[in-house]
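The next block holds one structure in the form of structure tokens; read it before the comments.
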Amino acid sequence: MGELKRSHSCNDLGVDHIDQEVTLMGWVLRRRDHGGVIFIDLRDRWGMTQVVFNPEFNTEVHAKAHVLRSEWVIAVRGKVIRRPEGMVNNNLHTGEIELLVTELRILNSSITPPFPLDEDIEVSDSLRLQYRYLDLRRPGMADNLIMRHKACQALRAFLNDENFLEIETPVLTRSTPEGARDYLVPSRVNPGKFYALPQSPQLFKQLLMVAGMDRYYQIVKCFRDEDLRADRQPEFTQVDMELSFITEEDIYRIAEGVMKSLFAATRGLELKTPFPRMTYAEAMERYGSDKPDTRFGLELISLTDVVRGCGFQVFRTVVEKGGLVQGINAKGCAHLSRKDLDDLTAYVANYGAKGLAWVKVKEDGEWQSPIAKFFTDQERAGMAATLAAQPGDLLFFVADTATIVRTSLAELRLELARRLGLIDKNTFNFLWVTDFPLLEYDHDQKRHTAVHHPFTAPTEEDMAMLESDPGKVRSRAYDLVLNGTEIGGGSLRIHQKEVQNRVFKALSIAPEEAADKFAFLLKALELGAPPHGGIAFGLDRLMMIIAGRDTIRDVIAFPKTQKATCPLTDAPAGVARKQLTELHLRPDWQEEKK
RNA sequence: GGGGUCGUAGUUCAGUUGGUUAGAACGCCUGCCUGUCACGCAGGAGGUCGCCGGUUCGAGUCCGGUCGGUCCCGCCA
């Protein structure tokens, strides 16, 4: 860079700087070479400034500028001048001025980029990830990272004000039963033993409460070796926190404060608090989901009692076998085509629904429907009344087990809303979902498993049922849902050894196994563990929603592909045999022949 | 583990019923151009149609497999 020193960013200069001598550094976004005058759009993290090489003003530097190409890195010194009459670019923050160059220094050239860096051009994901450092130069991607930084700073400021301590926890820890598949790390020093990467710092943050830290938080990487989705990858970031001597109300207040500060810092939005709340039971009843999107209606309506003993055999048998019949009234949607209905039927089939019954309510109130003939006038009237059906409405029904009915109608509801354009992207609907069940029965494992995790406290009033009717016990867990996405969850924890042992027993974790895997926790609970609880937010998902993106890859600097690889570094990769033997691993695969 | 979808020039895509030499735009290269801002004009280069196999006189096109991207189901306390 020689004696040149950057004086401003590419977004700084305006009419106040006219006639000043400045130096800019950055990347050549575009050149417009008129043979005579040459314009370069110079870009950096902050913005863009037009720089001008004028042969009448400086022949030497103009001649030198002819070689400049996209993504060359340059330093330019010159004078800030007002653009001529009528040449102002109102789309550009620095559009009132330009830099008339007196000195050009080429800091680095660039080969032709593998894809254009223009914002509006779609490039395949594999190419973007292979050249992620170019992809991140695009303003939209850079903005996402900048926004993520602001979000982290805002929540740190808020939590610091609330007397939290930011404390790090180990990344090399031990594998514990329950939950997702662990990433394992073999120990060289301890042959045959393994560390696991944390699925969350759950037990460590509880131990920090036992340690009297009182309020802890951490922005922390977590690891789960499961298959990927648009909003899920194996390493992800949690905003993790834990507090002592609190109730649910304290957690809600803190979490709402975090969201408030975060949305103010990123979107400049003033969120209304407190957020609405809904029990798990109500959410399942009205939306068929424990993370309902409340930006639109299309609620599920139960018809199980209305169609009991009706003339339609499919519905009748399902009810007799203890299943459910539920419906959705798509108001004013009777105009949907047969193809639309076939598509929707295929859509719910993905979620196990064997069929999707539909009824178009005609202007005279008559039913146009393949199943109309199976019902008496009275039965039809009862169903119509329950669904508040009016002429022009389209009614959907699914009859099956409770799980299939709820899942398929919940997904149908979302798909309908998308197709009908009922979703407002600029609305942010938060919802606390409370009173989750503590346990659910796993038919494969033939035992109960924890809905949240094994350290979640049961409610006082249900505790007595732990042994007699474990499936009925409610927990002191809560989820925070934003626009139908679970963005966080937590619970009040068990802080007494006896209760923890009873829950382990309800989970069919044998006392010997509990002692082996969780001895340290049980011991800590005997040594003055305070009542405590906490919550963790999925930062990637939160940023995805705030940035208005469809995948968390767009808010992660170096994300993984759906096959959990990194096209940039080509991870995961093979290792030398010696590395394995040092770790006391004996591979049975053949080494690649050279 | 399963299902959908995509893969053609550097990039984004088109390519008819299987039929001559595979096209467009942008980008790139050369030349011209003194007020553009997606500058303009003229010319040019650039292709193992992801890969392997099959059907066929003939395959970018049809079939099977495989690899890669992506979305979903299962999975994700």
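Order of the sequence lines sets the chain letters (A, B, ...), proteins ahead of strands, with each chain counted from 1.
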* **Nucleotide forming a Watson-Crick or wobble pair with B:rC13, both distances under 3.5 Å** => B:rG23
Distance-only donor-acceptor hits, side chain of residues 44-52 of chain A, under 3.5 Å, sequence neighbours excluded:
from, atom 1, to, atom 2, distance (Å)
A:D44, OD1, A:W46, N, 2.8
A:D44, OD1, A:G47, N, 3.1
A:D44, OD2, A:C10, N, 2.8
A:T49, OG1, A:C10, O, 2.6
A:Q50, OE1, A:R32, NH2, 2.9
A:Q50, NE2, A:E98, OE1, 3.0

* To do: Work out which heavy atom in A:A514 is nearest to a heavy atom in A:L522; give both atom names and the distance.
  => O-CD1, 4.2 Å
* Structure fact -> Here the residues of residues 223-230 of chain A within 4.0 Å heavy-atom distance, strictly under, of RNA chain B are A:R224, A:E226, A:D227, A:R229, A:A230
* To do: Compare every heavy atom of A:V405 with every heavy atom of A:D400, then report the nearest pair and how far apart it is.
  => N-CG2, 3.2 Å
* Taking every non-hydrogen atom, the tightest pair across A:P114 and A:L127 -> O-CD2, 4.1 Å
* Side-chain N,O (A:T561) to OP1/OP2 (B:rG69) below 4.0 Å -> yes
* To do: Please determine, for B:rC51, whether a Watson-Crick or G-U wobble partner exists with both distances under 3.5 Å, and give it or none.
  => B:rG65
* **Closest non-hydrogen atom pair, A:Q218 against A:P201** => NE2-CG, 4.1 Å
* Considering every strand shown, what is the Watson-Crick or G-U wobble mate of B:rG31 when both distances are under 3.5 Å? -> B:rC41
* Taking all atoms of both residues into account, what is the closest heavy-atom pair of A:N11 and A:H93, and its distance? -> O-ND1, 3.0 Å
* Identify whether any heavy atom of A:L127 sits under 4.0 Å from a base atom; if not, whether one sits that close to sugar-phosphate; answer base, sugar-phosphate or nothing. => sugar-phosphate
* To do: Using a 4.0 Å heavy-atom cut-off across all strands, classify A:Y351 as base, sugar-phosphate, or nothing.
  => sugar-phosphate
* Asked: With the sugar-phosphate defined as primed atoms, P, OP1 and OP2, and the base as all remaining atoms, what B/S/- string results for nucleotides 30-37 of chain B, 5' to 3', for protein heavy atoms under 4.0 Å?
  -> S--BBBBB
* To the side chain of A:T112, which of B:rC75, B:rC28, B:rC71 is closest? -> B:rC28
* Asked: How are the rings of A:H66 and A:H62 set relative to one another: parallel (under 30°), tilted (30 to 60°) or perpendicular (over 60°)?
  -> perpendicular
Anything under 3.5 Å between a protein N or O and an N or O of nucleotides 6-8 of chain B, put it in a table, one pair a line.
none

* Which value, in whole Å, describes the distance between the C1' atoms of nucleotides B:rG64 and B:rA22? -> 25 Å
* **Sub-6.0 Å ring centroid separation between A:Y347 and A:Y351** => yes
* Asked: Near RNA chain B, which residues from residues 562-574 of chain A have a heavy atom under 4.0 Å away?
  -> A:Q562, A:K563, A:T565
* For A:Y195, check ring pair (Phe, Tyr, Trp, His ring centres under 6.0 Å) against everything at least two apart and list the hits. => none
* To do: Tell me what A:S200 touches on the nucleic acid: a base, only sugar-phosphate, or nothing, going by heavy atoms under 4.0 Å.
  => base
* To do: Please report, rounded to the nearest Å, how far the P atom of B:rC26 is from the CD atom of A:E122.
  => 19 Å
* Check every strand shown and say whether A:R128 touches a base, only sugar-phosphate, or nothing at a heavy-atom separation below 4.0 Å. => nothing
* Start with the C-alpha distance between A:F39 and A:R31, add both sets of side-chain angles, then the distance that settles side chain to side chain contact (heavy atoms under 4.5 Å, CB included), and finish with yes or no. => CA-CA 6 Å; A:F39 299 100; A:R31 80 194 150 102; over 6 Å; no
* Expressed as a whole number of Å, how far does the C1' atom of B:rU21 sit from that of B:rC39? -> 35 Å
* To do: Anything under 30° is parallel, anything over 60° is perpendicular, the rest tilted; go ahead and classify A:F518 against A:F504.
  => parallel
